[in-house]
Amino acid sequence: MDNPDVELDLQRSVQAVLRELNAQTPALQSNQGMWRWSLHKKVERDPGKRPVLVRILLRELEKAEREDARHVIMPLLHTLMYVFTKATGITEELHRRTYAFCMRSLTLPAPYCTVALDCAIRLKTEAAVPGTLYQRLVIAEQNLTSELYPYQESALLLEIQAAQEQQTPEACMRHVVSHALQAALGEACHAGTLQRKLQASPRLVLERYFHAVVAAVEQMASEPSPSREGHLERLEEIYCSLLGPAAAARGRCGGDPLQDQLPSIPLPSPHITFHLWTDEDQLWKELVLFLRPRSQLRLSADLEALDLQGVPPDRESARTSVLSTDSGIERDLPSGADELPSTGSPEMERAGLQRKGGIKKRVWPPDILMPSSWDGPPGLHRRTGRPSGDGELLPGVSRLHTARVLVLGDDRMLGRLARAYYAIRKRETQKFCLTPRLSLQLYYIPVLAPEKPAASRHLELGELATFLGRADPWYENTINTLCPAIHKLAEMPLSLNTSRTIDPFILDVITYYIRMGTQPIYFQIYTVKIFFSDLSQDPAEDIFLTELKVKIQDSKIPRDGFSPRRRGVAEGPGAELSICYQKALLSHRVREVTVSLRATGLVLKTLAASDNDVSGPTYCPPAAAPVTDHRCLNVSVTEVVKTSNLAGRSFSTVTNSFRTASIQIQSQDQRLLTLSLDKDGRRTFRDVVRFEVAPCLEPCSGAQKSKVLISHRQEMERTKAKAKPLLMPINTFSGIIQ
């Protein structure tokens, strides 16, 4: 389609998206993010416009490369790849130019080179075997059965209540067959007749053609040097078998005379399940339920070790205890015990039944036993070229399943997510069952309460979203602006029609996010150990992700006896605190500092308030980022300053800030403390006299010891030399832009 009006209209839409990125303060905040959505909708309604849009986006990318306008490279590249996934009829010249741009971008710093490499790999596959990206995405998202591509995905959306319109498996199979044939045959494909034929085909016939098309595409894509001519011949055979030689010949001669434009082949929305987060173990249970039914055929033995709390167990996996009467002495054996029972005898069957469901001891390799080998490199960005969910972590066990967990809420919700994430990692040290075959991807959409009078509170609960928006401008433009649309949906009156679906704009943005958001930003989780004034109460341990706030209580520690106050000593506001911390130095040396001061409160934050407050190495590539930079707490202490003059004593407050890796705080003058974690009123601890904060480590990663039995029955203990910090990844589009 070479219509100048169409190209001009698409060019204006692309320029509108770029203006939103260039503007410091957008004029219409509520419309931010709508231009990208409307751009995709234009080419979705008319698929013939997609090659024109690809040419425009590629031209803008090459212009940004010449002008070194890196802030627009990521949005344009993500938009271009999203069009490539859905499009058919893209010329080889456009594939070649886009691939060349991605290869040139490998010289740029991270995360540009990381995203460019991922795009180059996908483009190379799509250029050799057209339709591969679309086919794999639909099979995985819709959980269609295919032996050649067994990967499955599931999206769990927490803390929202809504319904979603689902595509039937038959419709998804029709889309896959139609898209693959149209992408390979191009104008020779009789598209309208093909879709009508597929619509009228029964399920068994449709499944046969679906598996034939998937086999043709996957076998060709797996070859080292795929032949496009051979792939075209195989799909032509399927096409002729489906429509018949006469109809296929008419299609090759003149195309489809009954259609003015190509029929739209939609990309079905992923299968998303919606949950209100009501149970602490809900995330674990949902992951187990997602993994279990699709793995029973291949991994049923390993799945018996799953910790299914609250999940109905299988009848076959129940174990029976057997009381042994064998003394172990040979002379106590009954006569005839040396003779083995014949195969099929009742004794042999009974023995087999008694052993069924017994504990199967497995010996994992030392590097596999530790959950630190799961997703979570020490740097801020994913390793270059590392697949997301593919590959083998254990020999013979592939990670065929990807769970995409999308959380809606504020910083309090992320605190709950951090606790659930820590609980899953802790379970994996005992039951190493999910990690080898499940890739867990975390996503976050901020939803803040629309409280106009309390604007400061509104901003306070969205600190992590603000940080993600500063780190990734495309996340700021696409995701952080989704909150007003969600509020409008929540304010709509409830309908009695149970088939009501989500607003298409919200669903499309969520779908775009979980498909294109592949670059994680890792956040350090911190652990706090709390000691109470009541000595009979055991110390408590908890974790937090964004903030720990300390307030001084009015009550004091009750003391036995009478302790008179010295004359002339006047108590000021606040409490006398003893603070011991490790100062964060550029030389990375450990320097402990102990101070005593009177304070009215203090706040420990894990995120810097602005770009100027962010430690330098945080924005560096993983290779240049030392470990200590991921364990930096920003501490703000409201200190009480006493001044004396002729009018008497007066008190004023001043805020002091410093950075530290770990800190210990104790009340010195009987004043009790109140701790609040992650701004959540439900996670408050009162009557505290002392607490310790340190980076949370991988569960058992530093203390676990493995004993290896060597010759002469000597035991050698091997201890992990250095404990690894527990980092929680949240996926964005680009990671941290330098």
Side-chain angles (χ1 to χ4, degrees), residues 415 418-419 421-423 425-426 523-553 557 574-585 588-607 627-639 656-680 683-704 720 722-728:
R419 296 183 69 186
Y421 183 73
Y422 174 76
R425 301 301 289 267
K426 193 173 183 179
F523 295 91
Q524 173 68 63
I525 298 176
Y526 287 85
T527 180
V528 53
K529 189 171 184 180
I530 304 169
F531 300 86
F532 300 95
S533 59
D534 187 359
L535 298 181
S536 62
Q537 187 176 357
D538 294 333
E541 290 191 14
D542 207 335
I543 62 173
F544 67 95
L545 181 67
T546 57
E547 179 186 282
L548 185 151
K549 194 169 187 178
V550 182
K551 293 183 179 180
I552 310 299
Q553 295 180 197
I557 304 175
E576 193 74 23
L577 302 179
S578 174
I579 303 177
C580 179
Y581 64 95
Q582 291 183 357
K583 192 171 184 179
L585 301 174
H588 309 301
R589 298 175 182 175
V590 177
R591 177 185 171 187
E592 290 193 357
V593 179
T594 302
V595 295
S596 294
L597 51 85
R598 178 167 289 275
T600 59
L602 66 154
V603 180
L604 285 68
K605 290 184 177 292
T606 61
L607 303 175
V627 178
T628 53
D629 294 324
H630 308 301
R631 308 180 187 178
C632 188
L633 279 170
N634 299 276
V635 184
S636 298
V637 183
T638 305
E639 184 180 359
N656 297 322
S657 302
F658 58 91
R659 291 176 179 152
T660 179
S662 60
I663 189 171
Q664 301 177 14
I665 299 177
Q666 182 172 0
S667 177
Q668 297 288 342
D669 59 353
Q670 308 176 38
R671 288 284 188 180
L672 299 179
L673 311 177
T674 298
L675 306 187
S676 178
L677 304 182
D678 286 326
K679 310 160 191 175
D680 192 346
R683 301 175 59 195
T684 300
F685 299 88
R686 295 182 58 84
D687 300 336
V688 178
V689 294
R690 183 165 68 91
F691 65 93
E692 302 172 358
V693 177
C696 185
L697 304 178
E698 287 279 3
C700 299
S701 63
Q704 183 171 0
K720 294 294 179 180
K722 192 172 184 180
K724 295 185 178 181
L726 179 59
L727 306 176
M728 188 179 76

side-chain hydrogen bond (donor to acceptor under 3.5 Å, both in side chains) against [X], all qualifying residues, sequence neighbours excluded:
X    : result
T594 : none
K549 : none
T674 : Q553
E576 : none

Please determine which of V528, L673, I530 meets the side chain to side chain contact (heavy atoms under 4.5 Å, CB included) test together with F685.
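Among V528, L673, I530, the one meeting side chain to side chain contact (heavy atoms under 4.5 Å, CB included) with F685 is I530.
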Exactly one of L727, L726, L607, T546 should register a side chain to side chain contact (heavy atoms under 4.5 Å, CB included) with F523. Which one does?
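Between F523 and the candidates, side chain to side chain contact (heavy atoms under 4.5 Å, CB included) is satisfied uniquely by L607.
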For the student: nearest non-hydrogen atoms of [X] and [Y], plus distance:
X    : Y    : result
Q524 : P725 : OE1-CB, 3.0 Å
A599 : L577 : CB-CD1, 4.1 Å
A575 : I552 : CB-CG2, 3.8 Å
D680 : T684 : O-OG1, 3.8 Å
A418 : L545 : CB-CB, 4.1 Å
P695 : A661 : CD-O, 3.3 Å

Please confirm whether the backbone N or O of [Y] pairs with a side-chain atom of [X], one donor and one acceptor, at under 3.5 Å?
X    : Y    : answer
N656 : V637 : no
S596 : S578 : no
R683 : I543 : yes

Rounded at 0.5 Å granularity, tell me how far [atom1] in [X] sits from [atom2] in [Y].
X    : Y    : atom1 : atom2 : result
R659 : C632 : CZ    : SG    : 5.5 Å
R591 : Q582 : CZ    : CD    : 12.0 Å
Q537 : F532 : CD    : CZ    : 4.5 Å
R671 : T600 : CZ    : OG1   : 12.0 Å

Quick check: do [X] and [Y] have side-chain heavy atoms less than 4.5 Å from each other?
X    : Y    : answer
R686 : L672 : no
L633 : T606 : yes
T527 : Y422 : no
T638 : L602 : no

Got a sec: does the NZ of K551 have more than 12 other heavy atoms crowding it under 6.0 Å?
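No, not enclosed.
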Does R690 have any side-chain contact (heavy atoms from CB on, under 4.5 Å) partners at least two apart in sequence or in another chain, and if so, which?
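Testing R690 for side-chain contact (heavy atoms from CB on, under 4.5 Å), a comparison that skips the adjacent residues, returns F531, Q666, E692.
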K724, K426, R425 screened by side-chain hydrogen bond (donor to acceptor under 3.5 Å, both in side chains) with E698, the one that passes:
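That would be R425.
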Residues forming a ring pair (Phe, Tyr, Trp, His ring centres under 6.0 Å) with F544, sequence neighbours excluded:
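Residues passing ring pair (Phe, Tyr, Trp, His ring centres under 6.0 Å) with F544: Y526.
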Check the pair Y581, V635 against side chain to side chain contact (heavy atoms under 4.5 Å, CB included), reporting the backbone distance first and the verdict last.
CA-CA 10 Å; Y581 64 95; V635 184; over 6 Å; no
